[in-house]
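Notes follow the structure.
All residue numbers refer to positions in the sequence shown, counting from 1.
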Amino acid sequence: MEILRKIYHKRAILIYLCIIGIICFYILSITMTGKYSLRILIENQNLEKKLDNEILELRLENAKLRKELFEIKGLEP
């Protein structure tokens, strides 16, 4: 009975803690699974690295092909 009385007297604090807990859970669920989540951020960073590497490879290939073209035409690069 004493425990129930203590809980009753501190019910406002318990209600606030429950509300804060629900809000924290909601924010955490959004940041982990939402449209702008941490998972999407990491996927986008990996995609950016992949595309940067592809751009570098294509630039090197382009330079090589330009050099070949200039050599075929007889021009100096």
Side-chain angles (χ1 to χ4, degrees):
M1 200 64 161
E2 187 68 29
I3 294 173
L4 292 176
R5 187 171 289 138
K6 286 182 181 181
I7 291 174
Y8 181 76
H9 288 299
K10 296 185 184 205
R11 69 184 180 273
I13 294 172
L14 292 174
I15 291 171
Y16 288 133
L17 288 176
C18 288
I19 291 172
I20 290 171
I22 291 170
I23 291 171
C24 289
F25 178 75
Y26 177 72
I27 291 172
L28 182 66
S29 68
I30 288 174
T31 58
M32 296 305 283
T33 61
K35 184 178 178 182
Y36 302 105
S37 68
L38 184 62
R39 180 181 54 87
I40 300 295
L41 174 66
I42 292 170
E43 287 176 6
N44 286 343
Q45 287 174 342
N46 291 337
L47 178 61
E48 181 182 19
K49 288 177 186 177
K50 179 183 170 190
L51 291 175
D52 285 341
N53 289 336
E54 188 176 339
I55 288 170
L56 181 61
E57 290 173 7
L58 290 173
R59 283 183 178 166
L60 293 173
E61 183 181 351
N62 187 27
K64 180 181 160 187
L65 291 173
R66 278 182 179 239
K67 183 178 178 183
E68 280 183 35
L69 180 65
F70 285 139
E71 287 174 357
I72 290 172
K73 287 186 174 182
L75 301 172
E76 287 294 318

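Ionic pairing of Arg39 and Glu43 is present here: one or more N-O contacts between side-chain nitrogen and carboxylate oxygen are shorter than 4.0 angstrom.
Enclosure of atom CD1 in Ile3 is not indicated, since only 12 or fewer non-hydrogen atoms of other residues, nucleotides or ligands lie within 6.0 angstrom.
Note that CD1 of Ile27 and OG1 of Thr31 are 8.0 Å apart. Values are rounded to the nearest 0.5 Å. Distance CD/Glu48 to CG/Asn44: 8.5 Å, rounded to 0.5 Å. In this structure, Cys18 SG and Ile23 CD1 are separated by 11.5 Å, a value rounded to the nearest 0.5 Å. Rounding to the nearest 0.5 Å places CD of Glu57 at 11.5 Å from CG of Asp52.
Contact annotation: the side chain of Asn62 never approaches that of Leu58 to less than 4.5 Å [non-hydrogen atoms, C-beta and beyond]. The shortest distance between side-chain heavy atoms of Leu38 and Leu41 falls below 4.5 Å. Residues Leu17 and Ile13 form a side-chain contact, since some pair of their non-hydrogen atoms from C-beta on lies under 4.5 Å apart. At least one side-chain heavy atom of Tyr26 sits less than 4.5 Å from a side-chain heavy atom of Ile30.
Results of the side-chain contact (heavy atoms from CB on, under 4.5 Å) test with Lys64 over Lys67, Glu68, Glu61 single out Glu68 as the only residue that passes.
Grouping Ile, Leu, Val, Met, Phe, Trp and Tyr residues whose side-chain heavy atoms lie under 4.5 Å apart, directly or via other members, leaves Ile20 alone, with no other cluster members.
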